[in-house]
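The next block holds one structure in the form of structure tokens; read it before the comments.
Count residues from 1 along the sequence. These numbers were taken from a predicted model, which means no experiment stands behind them.
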Amino acid sequence: MKTCHRFATIKSGFEQDIRFLRGHSERHQGSTSAKTSAKNAFSVKRNMARALNRHLDRCPECG
């Protein structure tokens, strides 16, 4: 599937946030902040899927 530049920008921004949260979770295993970061990474991944699906529905170039 061919996607536009905006799709790639949205995806890379979310992926950067997910990497940061997962990295924090791995570095601080067992702590409360690590558990919170892992949960937040899951939420950000779900939000990314929603945002990309919304983009695909609305973008004439991607659709």
Side-chain angles (χ1 to χ4, degrees):
M1 167 178 26
K2 183 160 170 68
T3 56
C4 68
H5 174 69
R6 180 75 180 133
F7 182 91
T9 303
I10 293 168
K11 186 176 179 183
S12 68
F14 275 107
E15 287 175 340
Q16 182 179 6
D17 292 344
I18 292 168
R19 279 192 306 271
F20 175 79
L21 290 166
R22 285 186 178 162
H24 178 270
S25 179
E26 290 172 5
R27 283 191 305 277
H28 301 282
Q29 275 183 330
S31 70
T32 305
S33 66
K35 293 175 187 174
T36 302
S37 288
K39 288 179 186 177
N40 287 342
F42 181 77
S43 295
V44 169
K45 190 172 183 179
R46 187 179 25 184
N47 291 342
M48 177 180 70
R50 287 182 188 153
L52 293 177
N53 281 328
R54 193 173 341 152
H55 174 82
L56 289 173
D57 288 342
R58 296 179 180 174
C59 180
E61 191 176 333
C62 292

Smallest separation among heavy atoms of His28 and Ala34, with atom names: O-CB, 2.9 Å

Once you round to the nearest 0.5 Å, how far does CD1 of Ile10 lie from SG of Cys4? 7.0 Å

So how far is it from Phe20 CZ to Ser25 OG, rounded to the nearest 0.5 Å? 11.5 Å

Say you draw a straight line from CG of Leu21 to CD of Gln16; how long is it, rounded to the nearest 0.5 Å? 10.5 Å

Run the side-chain donor-acceptor check on residues 45-63: report pairs under 3.5 Å with partners two or more places apart or on a different chain.
{"unit_1": "Arg46", "atom_1": "NH2", "unit_2": "Ser43", "atom_2": "OG", "d": "3.3"}
{"unit_1": "Asn47", "atom_1": "ND2", "unit_2": "Ser43", "atom_2": "O", "d": "3.4"}
{"unit_1": "Asn53", "atom_1": "ND2", "unit_2": "Ala49", "atom_2": "O", "d": "3.2"}

